[in-house]
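Structure record follows, encoded as structure tokens.
As the structure lists them, so they are numbered: ligands from 1, and atoms in each ligand from 1. For the single chain, residues carry numbers from 1 onward in sequence order.
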Amino acid sequence: MTISGKRIAQLAAASVGAIGIIYACAPRTSTSNLVTGDVASRVFVPPGSYDEYYAFMSGGYSGQVSVYGLPSGRLLKLIPVFSQFAEDGYGYNDESKAMLQTTYGFVPWDDAHHPELSQTNGVPDGRWLFINGNNTPRIARIDLTRFETDEILQIPNSAGNHSSPFTTPDTKYVVAGTRFSIPIPNEDVAITSYKQNFKGTLSFITADQPGKMDIAFQLLMPGFDYDLGHAGKGPSDGWFFFTSYNTEQANTKLEENASQNDKDYVAAVNYKRAEECVAQGLAKAMPAEYDHNWVDSASRIAKSEKKSGVKMLRPTDCPGVAYYLPTPKSPHGVDVDPTGEYIVAGGKLATVIPVHSFKKMQQAIANKAFDKEVDGIPVLKYDAVVAGEVQKPGLGPLHTEFDGKGYAYTTMFISSEIVKWKLGTWEVVDRIPVYYSPGHLMIPGGDSRQPWGKYLVSLNKITKDRYLPTGPEMAQSAQLIDISGDKMKVLLDFPTIGEPHYAQAIPASLIKDKSVKFFKLAENTNPWVTKSEADGGITRTGKTVDIKMIAIRSHFAPDNFEGVQVGDTVKFHVTNIEQDWDILHGFAVLGANTSELILQPGETRTLTWLPKSPGVYPFYCTDFCSALHQEMQGYIRVSPAGSNVKLIANVSPKTQAQISSGQGGR
Ligand code: RUQ
Ligand code: CUA
């Protein structure tokens, strides 16, 4: 079944040529929509009705997650994760800033690739969504009762956290594999010493307890590039599979130098075996510094803690923990079918889609069918582990998902199509063009034990003529495809935010009834909460002035302040005391060097303001909350430093009396 190396090299060269052609040419079809029949009714969700699925799309270089309804393709929400988000003050207000703390300081951006739903028994359960930060290695947890980022863990000894954060079937761990190998621990060495000094790591991160994510252990691997991963399931539960490329260990011009070998590897990691070795003390303590950030649920204030040290396991100290499966050629995606038997790799320069068999892999391990060892990791013989190859699938296979009915669907980046093929016979049964150059694809639950195989979303990298032109940069496009019948049918194109690498989706019924509607004011433990109009006020501590105020339809209380001086740091602590679903208020003050605050019902947020010159500054509500929203405003007077203008807040008579008697407004 193997193809000669020469032939692969030829075809790969042809593929590389084809990349150039696709990019250089005008798109093949300028008006094709491939749509037949009444597809509009298939995606139309009438006003007042709900979509059937929530789809969570990564924002790529926007650093966020966007939430869409399927089948309508309607954008429901943006969830800020790794990037500051001026729209709601995430990463700008005092309460949330700690979420973006790292050992590199405050990092207000990242590149987010792979949303991953938590699972129970190998099936997405709708509790959490995890997503990776690539550039400054991190993993975030989003709580799906609130659609908010609740936790971010930095990953030490990693660089380019790409193969992440794929979960085990019980969400005990999510993983992080380093894309770039680096010196570990990182140190000042010559880049040309790559082969001696650079290593990869695969991290297993405990994930099943909110607020307690941590590095369980790391595996020290040869200095390749680790690209993607997926857990085993069913018979292969307890194993994790990672693609690696650049087994050439090149450190320059990788497009050539890392495309030499006919085969690179899928790393098969027996993490149950790793757990045993760690329990026996075979992992070595290694110094490492990393930050862990989480939101305290009662106060809704983010905290950040410094962590140090990891357990580093070397494969030579733990025989049986890892094997390499040779895989043509610079593989990218690695996907495990719903039964857990087949491991499908997307060799982006390969001419076939290789599928490994878990059963054969175990046999091969038992029979020691090894080609060689790399740093103590046995390389299994290709013929001893391969179950089959999908022949002539198209050009540039990247990622595969499954429909749960015995079929697999693979994106072809170069030939711009989705190819449907049958597990077990490896025959291609259908193909459909997509516009253009798909990266990942997504079937709800399509990487789990139980796909909901009705729709497929193709996440396309290049858009060109699919939408009205918007200058040189076009929004990236997703295409919704019906996979309920024998033939795939395109139903809808819709634009996406940032670059959605991967996406996941889940039936709405598993999430929607658990959605929080407001935060209970009585349970708000923010130290600066204001629970009633009478409790607002202004206090001075040295050069810091704290203002406590409420927002309610349609006023702030207090709403006028005096006695602030140039050189002060003013903190507006605003509490939205509404106790009703979706009644938000905002807060912005003239000239503030930060974003607005957006206040969900029942929560307190703080805006820090450094007034720079004397005058009177208006503030107002930024969220159109009521008929009298435009009346929702106030003023703060700023006097020169040293002025004797008294500190006053224009509030209810009761509070005013407290302020005058010297108790302040607190
Ligand atoms: S990637 S297009 Cu998941 Cu970042 Cu494959
Ligand atoms: Cu409150 Cu507008």
Does the pair Asp110/Arg138 count as a salt bridge with the N-to-O cut at 4.0 Å? yes

Short N-O contact, Glu95 and Arg300, less than 4.0 angstrom: no

Using 30° and 60° as the class boundaries, would you call the ring planes of [X] and [Y] parallel, tilted or perpendicular?
| X | Y | result |
| --- | --- | --- |
| His230 | Phe166 | tilted |
| Tyr173 | Tyr271 | perpendicular |
| Trp609 | Phe572 | tilted |
| Phe619 | Phe561 | tilted |

How long is the straight-line distance from OH of Tyr436 back to CD1 of Ile462, given to the nearest 0.5 Å? 10.5 Å

Run the numbers for me: atoms of ligand 1, each under 4.0 Å from some heavy atom of [X], listed by number.
| X | value |
| --- | --- |
| His114 | 1 (S), 3 (Cu), 4 (Cu) |
| His162 | 1 (S), 3 (Cu), 4 (Cu) |
| Lys461 | 2 (S) |

List-wise, which protein N, O or S atoms are found short of 2.8 Å from atom 2 (Cu) of ligand 2?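 Per the 2.8 Å query on atom 2 (Cu) of ligand 2, atoms found are Cys621 SG, Asp623 O, Cys625 SG, His629 ND1.
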
Under a 4.5 Å cut-off applied to non-hydrogen side-chain atoms, are Tyr90 and Glu148 in contact?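 The answer is no, as the side chains (C-beta and beyond) never meet within the 4.5 Å cut-off.
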
Looking just at side-chain N and O atoms, do Asp535 and Ser532 make a donor-acceptor pair shorter than 3.5 Å?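 Yes.
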
Is it true that Ser62 and Gln64 share a donor-acceptor pair across their side chains at a distance under 3.5 Å? no

Below 2.8 Å, which protein N, O or S atoms neighbour atom 5 (Cu) of ligand 1, ignoring water?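 Sorted hits: His332 NE2, His399 NE2.
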
Relative to Phe147, does Lys77 satisfy both conditions: NZ or CZ under 6.0 angstrom from the six-membered ring centre, and within 45 degrees of the ring's axis?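 Checked: cation-pi criterion not met.
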
